[in-house]
Protein chains: 2
Amino acid sequence: MKHEDSHQHSQQDSHQHSHHNHNDCIDTALETAETLCAEQGQRLTKVRRRALELIWESHRPLGAYQLLAKLAEEGFNSAPPTVYRALDFLLGAGLIHKVESMNAYLGCAHADKAHKGYFLICDECHNVMEFDYQDIHAALIEKAAHQGFELRAETIELTGLCAKCKAKKVGASA
Amino acid sequence: MKHEDSHQHSQQDSHQHSHHNHNDCIDTALETAETLCAEQGQRLTKVRRRALELIWESHRPLGAYQLLAKLAEEGFNSAPPTVYRALDFLLGAGLIHKVESMNAYLGCAHADKAHKGYFLICDECHNVMEFDYQDIHAALIEKAAHQGFELRAETIELTGLCAKCKAKKVGASA
DNA sequence: ACAATTTTGTTATGATATAACAAGTAAAAC
DNA sequence: GTTTTACTTGTTATATCATAACAAAATTGT
Ligand SMILES: [Zn+2]
Ligand SMILES: [Zn+2]
Ligand SMILES: [Zn+2]
Ligand SMILES: [Zn+2]
């Protein structure tokens, strides 16, 4: 299985354009998940574990029904509640994020530290990169507070053209 | 018809908590819509105009099918494409915003100046307040550019507790 | 009037998500 | 180690959100 791909899930990290072995990411994510669940007395059951793995194996955010199909292939129950329950669990545990503007789900590489998911979504290749920006987070909290609003959750989804696709376009027109 | 409500659509404005006559907002929004459409050679047809009006008359973001039902009551065609076409038109003209995390649509009080819709969404009362924050916009553009990403659109939806609901809670517990 | 363009009507279907209740399974209490 | 309890999964049905495809009607430009 090759994983020399354009998958990106950096948090202001620098390896965002490197060809890395995605299997390592998956392994790390799964280990983190095991640890976190154990710590919090949560049960990472077979279907939940496999769902998380399948989400990670995808290089783009995965739709609920895409995930359901994959689970069904492997003998899991194929009714929608199966997948939505798994997703709810994983979301609650902070192991995945939902990309609202895509109705799709993405593994979080930093599940161990509580944070909001901020995303850069490419219109062309549909890759999604998670990024962290404490400045923006602080500014949003302050801004909301200024209006008497107590912030709980943030949906920050930016779409546009990623570096790779921009380069590709320039190359094509040149 | 009373409009002494908690409707809010400030853009960093100060009347966000005032009891204002919402009819004025609607009238202004409709006039702006007429003007903008005329300027751009767009046709604000009956169903589009009425859809916009109904969205404004609602004090919260309105779902597509809620809007469809209202339109149907008034004799408009009651099939989904009717409402989605109207919504597409209004979105394209910048007259409304879609709140992705709610799958609902909201009138924009500043359709005349191009901008991104940033929202504060109350978990309790489900009121939505649009706000403008040039600082954040600039920071996001810069941040994205720093990663080689060319920003096109932004989905910024913040949820939490609005000032009113927070006050209500304090009152209840006191 | 005619042709071209845009808008609307109509039917069907796709895509996303939840409600409700029964059955099974694992943890905790005894 | 059996009972009780809480949690998890199975199952059926339905709710909610959105688009495809093509026909008919209305508007616009000539
Ligand atoms: Zn994350
Ligand atoms: Zn791209
Ligand atoms: Zn706006
Ligand atoms: Zn509120």
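Note on naming: letters A, B, ... go to the chains in the order of the sequence lines (proteins, then strands), and numbering restarts at 1 for each one.
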Query - B:Tyr65 OH to C:dG14 C1', straight-line distance once rounded to whole Å - result: 11 Å
**Report entry** Salt-bridge criterion met for A:Glu57 and A:Lys70 (N-O under 4.0 Å)
**Finding:** no
Query raised in the report: Counting any heavy atom closer than 4.0 Å, what does A:Lys46 reach on the DNA or RNA strands: base, sugar-phosphate only, or nothing?
Result: nothing
Query raised in the report: Just by distance, do the side chain of A:Glu154 and the backbone of B:Leu158 share a donor-acceptor pair under 3.5 Å?
Result: no
Query raised in the report: Charged N to carboxylate O below 4.0 Å: is that the case for B:Lys166 and B:Glu124?
Result: no
Query raised in the report: DNA chain C: A:Asn103 or B:Arg48, which has the more 5' nearest nucleotide?
Result: B:Arg48
Query raised in the report: Please give, in whole Å, the distance from C:dA17 P to A:Gln66 CD?
Result: 11 Å
Could you list the donor-acceptor pairs under 3.5 angstrom formed by side chains in residues 88-98 of chain B, with sequence neighbours left out?
{"from": "B:His97", "atom 1": "NE2", "to": "B:His115", "atom 2": "NE2", "distance (Å)": "3.2"}
{"from": "B:His97", "atom 1": "NE2", "to": "B:Glu130", "atom 2": "OE2", "distance (Å)": "3.0"}

Query - A:Asn77 and A:Thr82: side chain donor to acceptor below 3.5 Å - result: yes
Query raised in the report: In terms of the angle between their ring planes, are B:His137 and B:Tyr118 parallel, tilted or perpendicular, with boundaries placed at 30° and 60°?
Result: tilted
Query raised in the report: First and last nucleotide of DNA chain D in contact with chain B, 5' to 3', at under 4.0 Å to a heavy atom: what are they?
Result: D:dC17 to D:dT27
Query - Which residues share a side chain to side chain donor-acceptor pair (under 3.5 Å) with A:Arg152, sequence neighbours left out - result: B:Asp123
Report task. Round to a whole Å and report the spacing from NZ of A:Lys98 to C1' of C:dT18. Result -> 12 Å
Report summary line: Here the residues of residues 75-90 of chain B within 4.0 Å heavy-atom distance, strictly under, of DNA chain D are B:Pro80, B:Pro81, B:Tyr84, B:Arg85
Query raised in the report: Which parts of nucleotides 23-30 of chain C does protein reach within less than 4.0 Å, heavy atoms only, written one letter per nucleotide 5' to 3' as B for base, S for sugar-phosphate only and - for none?
Result: ---S----
Report summary line: Per-helix bend value, the helix from C:dA1-D:dT30 to C:dC30-D:dG1, C1' rotation axes over five pairs per end, 10° rounding, shows 40°
Query raised in the report: Is it true that a side-chain atom of B:His146 and a backbone atom of B:Ile141 form a donor plus acceptor pair closer than 3.5 Å?
Result: no
Query raised in the report: Are any of the side-chain heavy atoms of B:Phe131 and B:Leu120 separated by less than 4.5 Å?
Result: yes
Report task. Just say parallel, tilted or perpendicular for the rings of B:His22 and B:His59, cut-offs at 30° and 60°. Result -> perpendicular
Query raised in the report: Hey, are the side chains of A:Arg50 and A:Glu53 touching, using non-hydrogen atoms and a 4.5 Å cut-off?
Result: yes
Requested in this report: Establish, from distance only, whether the side-chain atoms of A:Thr155 and A:Glu100 form a donor-acceptor pair under 3.5 Å.
Outcome: no
Report task. With side-chain contact (heavy atoms from CB on, under 4.5 Å) as the test, would you mind laying out the steps for B:Leu140 and B:Leu151 before giving the verdict? Result -> CA-CA 8 Å; B:Leu140 290 174; B:Leu151 206 55; 4.2 Å; yes
